[in-house]
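This report refers to the structure that appears directly beneath it.
Keep in mind the model is a prediction, meaning the values are calculated, not measured.
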Amino acid sequence: MRTSILQRLATAATTLGLTAAGLLGAGTSPAQAATSDCPSGYFCAWKTSNATGTMYKTTSTALSLGTWNGTFRSVNNRTSKWACLFSGTNYGTSGGFMALAPGYKATGWFNGFGGSVRMVPTEDDCYPRSTPTWTSTETGSSGFSDFNGNWSPDVLVRTKQGELWFLPGGRTVDLLGTGGWNAFNALVRHGDFSQDGQEDVIAREAATGKLWLYPGQNSGLSTVAFGTRKLIGTGGWNVMGQLVGAGDLNGDTRSDLVAVEKASGKLWLYPGTAAGTLGARKLLGTGGWNGMNALTGVGDMNNDGRPDLVAREASTGKLWFYPGKAGAYGARVLIGGGWNSMASLLAPADYTGDGSNDLAAITGIGTSTTLCPAGDGCLLIYPGTGTGKLGPAVRKATDWWGLNGVF
């Protein structure tokens, strides 16, 4: 839903200089003197229809309003930004949303509203989108991160409604799944596990711990779909935390899977087989890997012909590069700090087309406004240098928010 009735009314109120109470017939006289209690530079709200009592105030985005969820009846936006007010937590819009301009104030709202708030530079930044902006150019080679074989990096995006979208480089998006994908608590790509020359997706079913293979079934460059799914893990996979498509780590020409065991922190390699299943696992790391809160199989980032791994350390926000070796990972190298402000890491292969694999990140709350004016929801590309290290970030889009996973 691009524009809810609530948002249209709020915008109209701002334009006409009317209060929300007047538009919605709340039957409460405005109490503008009370709303002026809001300090300059803050977005404020009250549980009462006349802006009295305890006041909520913030200068930044909040994915949840906590005990204030569903209670706003009066508001005052005394910031220089637009306040995007959503009915649900995490930008949920099932009950509508509003875009409140700088300086907007109103009393006597409904019977309570609000689940999350997003502070952004422009009104357009308030509108949720089914799919974010993704553009990429032909790099001259297909394979890693190229789902449809058009020599351009691609992305899979899952929405909060459980849809799965395919974002190719250079053409319109495809809806791969109309719903139900929220039943999975892990989705893995970057590998031709079925050995048919096309990239596949592995999904872990949250309720059962089963592992499913969704084989890519692409007819030419214009049609993208999945074939009949295949069970490759009968259960028990919920004991694993993160699952990562590692590429061909053991050098047998087949794609492999890497998994972190939650309880022990061990890192395991599950080699791909000729049958499109997973073979007997091999221990890669004896412990400590549950201290990482993001793992990304980035392909060959140091140009030595082997797939590498990037990991973010939860306690420090440090970003580590693990070079691929023959069936193992070599000594790690520190390649960044402060990465806990990023909501997601993404492997776009050689996005820049310079012959070296890059890293992408989706900004989260707390990101510098220099990198992302709205703070969260920006797509950043960190160009690879061919050594495993990264160059300065380049912002590519600002609408990567309100999603439920990018792959």
Pair Y42-R78, side-chain donor/acceptor within less than 3.5 Å: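 R78 and Y42 do not have a side-chain donor-acceptor pair below 3.5 Å.
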
Testing the 3.5 Å rule here: is there a donor-acceptor pair between the side chains of D124 and T122?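 Looking only at side-chain atoms, T122 and D124 do not form any donor-acceptor pair under 3.5 Å.
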
Minimum side-chain heavy-atom gap [X]-[Y] below 4.5 Å:
{"X": "M98", "Y": "V75", "value": "no"}
{"X": "Y351", "Y": "T135", "value": "yes"}
{"X": "R189", "Y": "S145", "value": "yes"}

Nearest 0.5 Å, please: how far is [atom2] in [Y] from [atom1] in [X]?
{"X": "S152", "Y": "D146", "atom1": "OG", "atom2": "CG", "answer": "6.5 Å"}
{"X": "F193", "Y": "L257", "atom1": "CZ", "atom2": "CG", "answer": "5.5 Å"}
{"X": "L269", "Y": "R281", "atom1": "CG", "atom2": "CZ", "answer": "11.0 Å"}

Taking the six-membered ring for Trp, are the ring centroids of F86 and W401 within less than 6.0 Å of each other?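 Distance test on ring centres: under 6.0 Å, yes.
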
Determine whether the aromatic ring centres of residues Y329 and W320 are separated by less than 6.0 angstrom.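 No - the distance between ring centres of W320 and Y329 does not fall below the 6.0 Å cut-off.
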
Please determine if R158 forms a cation-pi arrangement with W181, meaning its NZ or CZ atom is less than 6.0 Å from the six-membered ring centre and no more than 45° off the ring axis.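 No, a cation-pi geometry is absent between R158 and W181.
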
For W237, is the NZ or CZ atom of R204 found under 6.0 angstrom from the centre of its six-membered ring and inside 45 degrees of the ring axis? no

So, applying side-chain contact (heavy atoms from CB on, under 4.5 Å) with L390, which one of I335, T385, I381, V310 is it?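 The passing option is I335.
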
I'd like to know if R118 and D376 make a salt bridge, using a cut-off of under 4.0 Å between side-chain N and carboxylate O.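 Yes.
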
